[in-house]
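Structure first, then comments.
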Amino acid sequence: MNALRAQYPEEVERILAKYPAERKRSAVMPLLYLAQRAEGYIRAQDLRDIAEICEISITDVASIVGFYTLYYDQPLGRYHIQVCTDLPCALRGAEDFLRQLSEKLGIGVGETTPDGLFHLEEVKCIGACHRAPVFQVQGDGEIVFHENQTVETALAVIEALREQARAAKGEQA
Amino acid sequence: MTKLVTLTIDDQPVSVPAGTLVVDAAKQIGNDIPVFCYHPKMEPVGMCRMCLVEIGRPMVDRGTGEVLLDENGKPRIQFGPKLETACTTPVSEGMVVRTQTKVVADARREVLEFILTSHPLDCPICDKGGECPLQNLTMGFGPGQSRFLYDDKIHLAKHVPLGELIYLDRERCIQCARCVRFQDVIADDPVIGFYNRGRRLEIVTYSEPGFDSIFSGNTTDICPVGALTTADFRFGARPWELKSSASICTHCPVGCNLTFNTRREARAGGNPVIKRVMPRQNEQVNEIWICDKGRFAYHYTESPQRLTQPLVRRGDGFEEISWEEAYQLAAQKIRASQNLLTLTGGRLSNEDLFNLRELTLARNGQAVLYSDMAGGDLTASYGLAPGSNFGSMGKETAILVVASDLHEEAPVWWLRIKAAAQRGARLIVLNPRSTRLDKFATHTLRYAYGEESQALATFLPGAAVPEAYQAAVQEFHSAENAVIVYGSEGAGLAASQGLAQTAAAILAARGKVGQVNNGLLAVWQRANDQGAWDAGFRPVEDLPAALRNVEVALIAAADPAGDDPLLAQALEETGFVIVQELFMTETARRADLVLPVQAFTEREGTLTSGERRVQRFYPALPPRPQTRPDFAVAAGIGKALGLDLEGRAASLVFLRLVKTLPAYAGLTYTQLAEVTPQYPIIGRSDLYYGGTAYDNHQGLGVQLPLLPAARPVAVGQSQTAASVTAGEGEILLVPVTRLYDRGNTVLPSALLHQRLAGKTIRLHPQTAAAFGLNAGETLRLSRDGWSAEAQVELDEEVPLKMALAVRSTGIPCSALSAVRLERLTVASAD
Ligand code: SF4
Ligand code: SF4
Ligand code: FES
Ligand code: FES
């Protein structure tokens, strides 16, 4: 049985409905996002499931995961905090912002907090240069922008996420 | 006719068809523009930038559309501000290309410097070293020094098995994607791909088993660096130590042209051993490709299990005797007998078959071919006409493939028919279950096992056509050319006779006989079955009875006892059994006289492919002491009988053969060794263009003319499902072919063991349930005289009450037949 289909029957159908039946391979990227939603990364089983749904080879699906930086092939943390330090942002103090954030979180760039919630990343331009310092949070199947940040506002965002995760856990229990 | 375009490359004018790429136009006048990612068998992608050249075009007055002329009345040429890639730019009228200027040299040097920034430069231990495009082009055009820091090189894994056949060295890869594109575009097995990007990019495979493609070895030929190597050759030798011998693959009727690379080695007592098998270009047969069976299943020729001494039965065992004694004994037995049966296998050469035939006919014996497939007399008259070539078939041709899993039965035909279909040929696939060809077919039609001839007969002009077939039949009849390919999926002798007759009748009725790209093609089970038919060998319906009733059986290159216990029993009753063999097969074990023969790698000869192309193979290794070629053995026995048979050399036997067999009349070894220019131009001096496949200097072979048909064909009667039915507790056993079978010539190649067909039976889940069987459990099949055990595999595509069995796996299945099926044990849960 296709585990992805079993987990998200409606979502899979909704995604497939957007493409002609003979072009199922076009659905590969949204399906990968869908698969990434649950665990924050794409598992080997997801590759197999998506290959089956799209009627392409597993290797073809994997190459897409490998090519795009927003797909993860290993568990790195529930929320990816992606801070832009490209030139325009750097001119508005993004490097300093990142350094301080890293210190406050107690993890280096490319590391994950011990509770597995936050993974800190340095990224190239995300298209919001005029509102730097800027970062995006990728997690729970969404990407959210946070612009004109200070370390304090950023920490508040992070605290809110932590709260959100705790609440979600409570709901499950 | 495409329009010709004239351009100038380094001041040399050249005219080529419109649409030709600059790189190919240059190649035609001997100007080798360096490339990495471009390959003449694939669409260009412009990924590596190695082929940059200066391109100028005539200036045109925008107002009048006229070409502007300079003061000398010559067109004014405008060069672009940047260099262009010769591999992606098509030629245009009046174009001027410069490949030898300083800017071009600078560009080449810089591209190489860039490619080498993360290349390990471990040429001294690299398998490709010595025949490496990157090495050669760096020597030719590269910088002597790099400005990049050695410490900044990216290091990646160097011994990554992409499965057990192909190894990847990640840091040698230059990201040209030739391998990925070959697998996707040519082999339709997209099982390797790029992962990550930039300097971290690497080749990955996620298939099970890894790099799951029967064409995988070809990527090691076209990889322009030592990133992809075969497990077989890896660290085996340096290319410059290798000697080359031209040969022909003997594993299937395609007859791919090969080159054996050999080297003298201490472990062989200073004798040459085979280091690798490479494709040899023959654009009409295999182009520059071979399948992995052809590449990796040659080890049997060097097996230590080979027979090396004539043996005679003494009680339960064997005793060595001399060749002279052996010939005398054989002759004495044959002379004293009333009847002789000669049973031959299709891996023998034409010369072997001819001498065996002469020996047999002189004694009024029966010349029998060991095969479950009929129709070789029909292919001789209705076969593909000389000049036919899958490579030149397009939309004007309809190709009808019936009862064949071509991907497994004849891989390179699959590859070429698929390519023809992609060029527009109308491909109609008629098979009881889905196969890898369906995807490329214009029409895919199904019939029930046992009803192949009826299904095919709907293509006879005027036949009643069932609804489901109508579009396909119309398509077939509307095509200018017609090719019918039949195989042995689920079919035994009677069924394939029906198929061949029906197919011949269709072609005859439609007048599609004798013209180029028309005719009948049999997917024989062995390489030279066609040659055996041409020499007069015929399969017989009841082989056990035939063997039981003769006083002397002479068996060459066939192992009936190994395939079928009924045949083994029959041999026990045969008066005297002489076996010419490479190995102590089950048949040899039951023989009275065993004669050790030479492998095809140790001698010369000719083979006739399914397309009826006669091709020469040459010796690659010295023969084992005390072994003789089959034709010499037959001649030796013949001489002892007082017959005038030629046994000194294959070429001398061929001189007699062409005088006797009408289709071969007038052929000479010299003619078979002739070569005409082939396109694309590949070769040893220029490995970066086509890869390391060998160019052909030893002969393209000759396609035999069609013989006049003996009599008009009668439309086939096929064995129908009604004539074989499964009773209570029985199922119908359906024989199918797998490429990686368990034949005597495959098993000794340990490298392939993980991919060989298992001893399994495929059943529909419902059939399995009816017998109380689950997947993986063991069942027993039996019929009068034999029983065999096998594992259950479930497959929803198998029709109810039928079971698919793979030939050569020890389950006797020469035709569709009813067998008893019982559940044996529950497999242990591990
Ligand atoms: S492995 Fe070889 S053929 Fe494949 S991309 Fe790398 S260099 Fe090219
Ligand atoms: S396609 Fe047939 S002839 Fe060609 S290499 Fe494979 S087995 Fe040999
Ligand atoms: S440079 Fe940071 S968002 Fe554009
Ligand atoms: S870009 Fe032309 S050969 Fe690679």
Side-chain angles (χ1 to χ4, degrees), chain A residues 1-4 20-29 31-33 35-36 39 41-76 80 82 85-86 109-110 119 121-126 138, chain B residues 45 47 154 156-157 160-163 166 168 170 173 175-216 219 228 407 434 436 438-442 444 765 775 794 796:
Chain A
M1 183 56 196
N2 194 300
L4 190 69
E22 70 284 1
R23 301 265 164 76
K24 289 208 185 68
R25 67 180 303 145
S26 309
V28 70
M29 295 193 59
L31 287 172
L32 281 169
Y33 274 119
Q36 190 159 272
E39 298 289 331
Y41 77 106
I42 289 154
R43 296 155 299 184
Q45 180 60 43
D46 298 323
L47 299 178
R48 278 194 285 274
D49 290 345
I50 294 172
E52 191 184 289
I53 296 173
C54 297
E55 293 163 24
I56 57 179
S57 79
I58 302 173
T59 308
D60 277 344
V61 180
S63 326
I64 308 230
V65 175
F67 184 81
Y68 290 102
T69 49
L70 293 187
Y71 294 126
Y72 300 93
D73 57 5
Q74 45 183 316
L76 291 173
H80 295 256
Q82 297 167 327
T85 54
D86 231 347
V109 172
H119 181 74
E121 287 165 35
E122 185 175 11
V123 296
K124 296 274 177 270
C125 180
I126 49 177
Q138 194 189 0
Chain B
V45 286
M47 287 169 70
I154 298 258
L156 298 167
V160 183
L162 294 175
I166 308 292
L168 168 68
R170 290 205 158 121
C173 173
Q175 316 185 351
C176 69
R178 273 183 173 189
C179 58
V180 175
R181 288 183 287 140
F182 171 86
Q183 284 303 135
D184 186 22
V185 178
I186 296 187
D188 187 40
D189 284 320
V191 294
I192 54 172
F194 279 168
Y195 202 82
N196 232 315
R197 14 178 179 164
R199 295 171 99 197
R200 293 260 165 217
L201 183 144
E202 52 191 36
I203 306 285
V204 292
T205 177
Y206 279 78
S207 65
E208 210 34 73
F211 204 162
D212 186 15
S213 171
I214 58 168
F215 297 107
S216 68
T219 60
L228 295 173
H407 192 258
S434 62
R436 291 282 308 269
D438 293 359
K439 185 171 164 190
F440 305 95
T442 330
T444 305
L794 298 182
E796 304 225 334

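Letters A, B, ... mirror the listed sequences (proteins, then strands); counts begin at 1. We use all heavy atoms of the structure for the numbers below, so side chains are in, but hydrogens, waters and symmetry mates are not.
- For chain B, the nearby part of A/Leu47 is the side chain; its heavy atoms alone come within less than 4.5 Å.
- A/Arg25 CZ: 12 or fewer foreign heavy atoms inside a 6.0 Å radius.
- With contacts defined as side-chain heavy-atom distances shorter than 4.5 Å, the pair A/Asp60/B/Tyr206 does not qualify.
- The number of heavy atoms from other shown groups lying within 6.0 Å of CD (B/Glu796) does not exceed 12.
- For the pair A/Ser57 and B/Pro190, the tightest heavy-atom approach, listed with the atom from each and the gap, is OG-O, 2.5 Å.
- Listed for the A/Thr59 side chain is no donor-acceptor partner under 3.5 Å among the backbone atoms of B/Gly193.
- Contact count versus chain B (heavy atoms, under 4.5 Å) is highest, among A/Ser63, A/Gly66, A/Ala51, for A/Gly66.
- Atom CZ of B/Arg197 sits in a crowded spot, with more than 12 heavy atoms from other residues, nucleotides or ligands closer than 6.0 Å.
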